[in-house]
A.B. asks: 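Next up is a structure, given as C-alpha cells.
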Amino acid sequence: MLIEAAPYEYTLDLDKAALLIIDMQRDFLESGGFGEMLGNDVSQLRRTIEPNRALLTAWRQAGGTVIHTREGHRPDLADLPPAKKVRGRSTTTIGDPGPMGRILVRGEPGHDIIPELYPRDGEPVIDKPGKGAFFATDLHAILQNRGITQLVVTGVTTEVCVNTTVREANDRGYDCLVVADCCGSYFPEFHAMGLRMIAAQGGIFGWVTALDKLLPQLTMMRPAAT
Ligand code: TIU
C-alpha cells in the first residue's frame, strides 16, 4: 500500500514490515522517572500515547509484526558505560534508587513499558543499553529471521533514541517510515528538526508520515472477522 509521506510516498508491504515502538517506558513518560529527573517536561511525551495506542491497535488487527524496545541496564550495571553513568553530573543517576525503582534498570517498574502500550505475548521486547536499538542487541537477527526489511518507527525521544535507531537501521539496509505524531521529544524544536533531518535530501535516513495518512490504509487491511 502507498502511504503519503515526505519526501515522497512510501510503499508499505505489511508482510515485510515491523512496527518498532521505541522506549515508551515509565521512566521516560511518567512523573518521577529518569526523564523528569533530568529536568524534562514529561507532558511533551505523553501526547504520543494515544496516537501510539491507535496505531498499535490497527497494526495488530492487520496482523503486522510488533517489536518494542526498552532502554536500560543489567541490575549489576556491568553493561553501563562509566561515561553514561556520570554524564549530566546529576546527584541521582542510572542504577540509583528512584520513585519507580532503580533508574533504568531492567526488571524495575520504571524501566517497563507504560500500561497503555504494553506488549502482548509473542511481541519481541528488545532490551538495549544504548540509544540505538541495534547496538548490543539481537534486533537485526530477529528482523532478518522474519524477512523484515521495512520499519515503521514510533516512540521517544524523536532526536535521541528514535533518530539513533533510524540511522542504525538505515545503514543496515532497512527502509524506515517514521510516524511524526507518534514520536515525541521533551524539546518541540528538536522533535521538528529530528523529523526534518530524516526526510531531508531525498530521504537521507528514511520517510516521515502522519498517523492520519497511515491509519486509514491499515484499517482497510484488517482481516475479515471470523
Ligand atoms: N529513549 C531515549 O530517547 N532516551 C533518552 O535518554 N532520551 C532523552 O531524550 N534523554
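Remember, it's 1-based here, ligands and their atoms both numbered in the order they're listed. When reading the values below, keep in mind they use all heavy atoms of this one structure, side chains included, and skip hydrogens, waters and symmetry mates. Positions are given from 1, in the same order as the sequence printed here.
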A.B. asks: Compute the shortest N/O to N/O distance between Glu71 and ligand 1 and return yes if it is under 3.5 Å, no if not.
C.D. replies: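 Right, the criterion is met.
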A.B. asks: Closer than 4.0 Å to some heavy atom of Val156 - which atoms of ligand 1 meet that?
C.D. replies: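 Within the 4.0 Å cut-off of Val156, ligand 1 contributes 1 (N), 2 (C), 3 (O).
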A.B. asks: Looking at Asp96 and Thr91, what are the two nearest heavy atoms and their distance?
C.D. replies: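 Heavy atoms of Asp96 and Thr91 come nearest at OD2-O, 3.9 Å.
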A.B. asks: Counting heavy atoms not belonging to Arg47, are there more than 12 under 6.0 Å from its CZ?
C.D. replies: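 Atom CZ in Arg47 is crowded, with more than 12 foreign heavy atoms closer than 6.0 Å.
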A.B. asks: Less than 4.0 Å between a side-chain N and a carboxylate O, is that true for Arg106 and Asp79?
C.D. replies: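 Here Asp79 pairs with Arg106 in a salt bridge, since their nearest N and O are under 4.0 Å apart.
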A.B. asks: Out of Thr157, Leu104, Leu38, Asn163, whose heavy atom sits nearest atom 3 (O) of ligand 1?
C.D. replies: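 Nearest heavy atom to atom 3 (O) of ligand 1 lies in Thr157.
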A.B. asks: Any N or O on Glu159 sitting closer than 3.5 Å to an N or O of ligand 1?
C.D. replies: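 Such a contact does not occur with ligand 1.
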A.B. asks: Quick check: closest heavy atoms across Val105 and Gly95, and the distance to 0.1 Å?
C.D. replies: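 Residues Val105 and Gly95, closest heavy atoms: CG2-CA, 3.7 Å.
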A.B. asks: With only distance considered, is Cys161 within less than 3.5 Å of ligand 1 through an N or O on each side?
C.D. replies: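 Yes, since at least one N or O of Cys161 sits under 3.5 Å from an N or O of ligand 1.
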A.B. asks: Is it the case that ligand 1 has an N or O less than 3.5 angstrom from some N or O of Asp23?
C.D. replies: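 Yes - when backbone and side-chain N and O of Asp23 are compared with those of ligand 1, one distance drops under 3.5 Å.
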A.B. asks: Set out, in order, the CA-CA distance, both residues' side-chain angles and the distance that settles ring pair (Phe, Tyr, Trp, His ring centres under 6.0 Å) for Phe28 and Tyr186, then state yes or no.
C.D. replies: CA-CA 10 Å; Phe28 293 119; Tyr186 300 118; 7.4 Å; no
A.B. asks: Can you report which non-hydrogen protein atom sits closest to atom 6 (O) of ligand 1, along with the distance?
C.D. replies: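 The protein heavy atom lying closest is Lys131 NZ, 3.0 Å.
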A.B. asks: Without hydrogens or angle criteria, can the side chains of Thr69 and Lys128 be said to hold a donor-acceptor pair below 3.5 Å?
C.D. replies: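 Thr69 vs Lys128: no donor-acceptor pair found between side chains.
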